[in-house]
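First the structure, in the form of structure tokens, and then the observations on it.
Residue numbers begin at 1 in each chain, while the letters A, B, ... track the order of the sequences.
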Amino acid sequence: MLRSGYLPHVKAWSAVLSRLASAPDGGPTLALKLFDTITRRVRRFSDVTMVADSRPDTAAFNNVLNACANLGDGKMFLKLFEEMPEFGLEPDILTYNIMIKLCARCNRKDLLVFVLERVIEKGIPLCMTTLHSLVAAYVGFGDLETVERMVQAMREGRRDLCKILREANLEDFNEDEENEILNSNQIGVSVFEKLLPNLVQGSNREPPLLPKVFAPDSRIYTTLMKGYMKQGRVTDTVRMLEAMRCQDDSKGQPDHITYTTVISALVKAGSMDPARQVLAEMTRIGVPANRFTYNILLKGYCQQLQIDNAKELLKEMADDVNIEPDVVSYNTLIDGCILVDDSAGALAFFNEMRTKGIMPTKISYTTLMKAFALSGQPKLANKVFDEMLKDPRVKADLIAWNMLVEGYCRLGLVEEAKKVIQRMKENGFHPDVATYGSLANGISLARKPGEALLLWKEVKERWEVKGEGGSSGSDSDSSSLPLKPDEELLATLADICVRAAFFQKALEIVACMEENGIPPDKTKYKKIYVEMHSRMFSSKHASQARQDRRRERKRAAEAFKFWLGLPNSYYGSEWRLDPGDSDC
DNA sequence: TTAGGGTTAG
């Protein structure tokens, strides 16, 4: 009685954890907090029988460990892992599968084999899922060769997988010794040495054999196939499908996910007809396609700008195979309309979707805003944004705000854009690189270089903020939040400054770029300089006073020319524009 | 409840 008032059953809170662990937007962090709160309360009871039903079990630990893995937080993983015995719990095979993911997230491919060895040494019954996790991890690293070797060995009924993985480590080490050293940061080393005591003996010991033979199943094949797909190896993807169909193990037969992966690979390569053939094949052999499959094909047609085919497929979905399109289908089509500059069509699909009772998501709203933003109708984008604010099911986010800014900037409406940015700040959203990038483009378009100076000041201030959590002051003040501008933003700002003959600022920006390892496009600036400013300061008729005022700017121009590598007064050489010189 | 498939937002 007392317990129920304070603490939920472990099954209940563990279920919440499992959802949070892989949820976006701070889900994993929330999972950690929840786990901490509950275990803290549980610990307060000296009589454990009082809270027996609420005490964490292995599944609960696995869920919170999964949150750590998703955050790539090895330290927290270790801390919780070491708390398990306190509750009389032992890590199980799932725990180690999650540890495989942790290694992957921490970029420690070299440790994967030692997790497998640890499981074997501890005598924890190995299951197929561990092999799934391992294969997925290697695919994630793009190391398809190792996966191929694993799969081949499994097909041959071999049990020396650890040996194969050790050899892969050795090859990596020989290939790229420096990276190997870079990867092993000190914190990581101590965490993993505790998680995997077998690391200490390391490679000196003979790699253990798997306790039994595992034949690859369709999941393993499909994971490898996904690796091929990600690397654009369409032929290998298709060949893999053929190989799967030809082998006799029924567990390795292609299923709807395998086929969908093949279709996805073909669609990515723009091969719509072959993709349709695979779809037909699925129907023929009775492996039904689902909404995912159709959505992939829809996207393919949209990317190929074949909206009519997309529309036809949408109809076919609903009428022939009885798969109702969902919000993703419609978002895809709305975006497809944007690709063919059809904002009216985008709106039509948006409305059709609502008519069908399919609720738009924030992505739907933002995509529709994009339709209007890109077609020069910022007012309509604004209207959609207002609708979005009114819809209680969705929450406008930074991306939506940015789209609003983009709409105005596309037309060079800098003042409007700045008002939106002010509003977004007041609503607790801090401009990011995208916001500033749009604004910079708007400023460039509007030819208001003075605005670029203000923007550069703001960007520079935030760039110079070091570390995290340096925020202080009101919510609308983002000046203390760190920001790392990207190449595009800086290049645009520099471009504006060069065109406006703000050479001192231009130099400042390019210097910042170089300091941060972003190579400025000197050729471009050279061209602009030659085209726009080569005759600068050449007027002989200006008054002495005017000429004096120019001196500063001239010095900046000379410095900029020096940086560009153009002949300048620093070398004492005369330089004049020769039309043939401009393409240097 | 870890591990294979899809969409969107500068």
Side-chain angles (χ1 to χ4, degrees), chain A residues 11 14-22 57-67 69-70 92-102 104 127-137 139-140 217-227 229 254-265 267 289-300 302 325-336 338 360-370 373-374 396-407 409-410 431-441 486 488-489:
Chain A
K11 295 279 178 256
S14 177
V16 177
L17 274 189
S18 89
R19 280 171 169 251
L20 284 175
S22 49
D57 56 11
T58 307
F61 265 100
N62 284 339
N63 285 332
V64 75
L65 289 171
N66 187 32
N70 286 332
D92 63 5
I93 189 64
L94 223 76
T95 317
Y96 284 97
N97 290 350
I98 296 163
M99 201 184 287
I100 288 173
K101 183 160 84 174
L102 178 74
C127 60
M128 203 58 193
T129 57
T130 309
L131 296 166
H132 291 153
S133 301
L134 273 175
V135 166
V139 167
D217 61 4
S218 76
R219 193 162 187 153
I220 286 194
Y221 286 124
T222 308
T223 310
L224 173 54
M225 198 185 243
K226 182 190 160 197
M229 179 184 80
D255 61 8
H256 65 289
I257 295 180
T258 317
Y259 278 104
T260 304
T261 308
V262 175
I263 289 179
S264 186
V267 160
N290 60 21
R291 196 178 281 132
F292 284 110
T293 323
Y294 276 93
N295 283 345
I296 294 164
L297 286 162
L298 282 177
K299 164 125 196 261
C302 289
D326 66 351
V327 64
V328 175
S329 324
Y330 275 100
N331 289 350
T332 306
L333 282 159
I334 292 169
D335 203 58
I338 296 172
T361 61
K362 65 179 174 189
I363 297 172
S364 319
Y365 283 108
T366 315
T367 309
L368 187 60
M369 284 175 71
K370 179 177 157 193
L374 300 193
D397 58 7
L398 183 61
I399 300 169
W401 281 99
N402 281 347
M403 196 56 81
L404 203 52
V405 172
E406 173 71 10
C409 289
R410 282 256 164 173
D432 66 356
V433 188
T435 327
Y436 292 133
S438 293
L439 188 58
N441 287 329
D486 64 358
E488 205 191 321
L489 169 61

Ignoring hydrogens and geometry beyond distance, is a side-chain donor-acceptor pair present between [X] and [Y] at under 3.5 Å?
{"X": "Thr293(A)", "Y": "Asn290(A)", "value": "yes"}
{"X": "Asn441(A)", "Y": "Ser438(A)", "value": "no"}
{"X": "Thr261(A)", "Y": "Thr258(A)", "value": "no"}

Test side-chain contact (heavy atoms from CB on, under 4.5 Å) applied to Asn63(A) and Thr58(A), Val16(A), Leu17(A), the passing residue: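 Passing option: Leu17(A).
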Between [options], which nucleotide has the shortest distance from any of its atoms to the side chain of [X]?
{"X": "Phe292(A)", "options": "dG6(B), dT1(B), dT2(B)", "value": "dG6(B)"}
{"X": "Thr261(A)", "options": "dG6(B), dG5(B), dA3(B)", "value": "dG5(B)"}
{"X": "Glu406(A)", "options": "dA9(B), dG10(B), dT1(B)", "value": "dG10(B)"}
{"X": "Ser438(A)", "options": "dG5(B), dG10(B), dA3(B)", "value": "dG10(B)"}

Remember a base hit wins even if backbone is also touched, and classify [X] as base, sugar-phosphate or nothing at under 4.0 Å, heavy atoms.
{"X": "Thr129(A)", "answer": "base"}
{"X": "Ile98(A)", "answer": "sugar-phosphate"}
{"X": "Asn63(A)", "answer": "base"}
{"X": "Ala136(A)", "answer": "sugar-phosphate"}
{"X": "Asn441(A)", "answer": "nothing"}
{"X": "Met229(A)", "answer": "sugar-phosphate"}
{"X": "Asp486(A)", "answer": "base"}

Phosphate OP1/OP2 of dG6(B): any Lys299(A) side-chain N/O under 4.0 Å: no
Distance below 4.0 Å between Lys101(A) side-chain N/O and dT2(B) OP1 or OP2: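 Checking Lys101(A) against dT2(B): no side-chain N or O falls below 4.0 Å of OP1 or OP2.
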Short side-chain to backbone donor-acceptor contact, Ser14(A) and Lys11(A), under 3.5 Å: no
Distance criterion of 3.5 Å, no angle test: do you see the side chain of [X] paired donor-to-acceptor with the base of [N]?
{"X": "Asp432(A)", "N": "dG10(B)", "value": "no"}
{"X": "Ser218(A)", "N": "dG4(B)", "value": "yes"}
{"X": "Asn62(A)", "N": "dT1(B)", "value": "no"}
{"X": "Asn331(A)", "N": "dG6(B)", "value": "no"}
{"X": "Asn290(A)", "N": "dG6(B)", "value": "no"}

Rounded to the Å, how far apart are [X] [atom1] and [N] [atom2]?
{"X": "Met403(A)", "N": "dG10(B)", "atom1": "CE", "atom2": "C1'", "answer": "7 Å"}
{"X": "Lys370(A)", "N": "dG10(B)", "atom1": "NZ", "atom2": "P", "answer": "5 Å"}
{"X": "Leu94(A)", "N": "dT2(B)", "atom1": "CG", "atom2": "C1'", "answer": "5 Å"}
{"X": "Asp397(A)", "N": "dG10(B)", "atom1": "CG", "atom2": "C1'", "answer": "12 Å"}
{"X": "Tyr436(A)", "N": "dG10(B)", "atom1": "OH", "atom2": "P", "answer": "18 Å"}
{"X": "Asp335(A)", "N": "dA9(B)", "atom1": "CG", "atom2": "C1'", "answer": "9 Å"}

CG-CG distance between Asn97(A) and Asn62(A), expressed to the nearest 0.5 angstrom: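 If we round to the nearest 0.5 Å, Asn97(A):CG and Asn62(A):CG are 9.0 Å apart.
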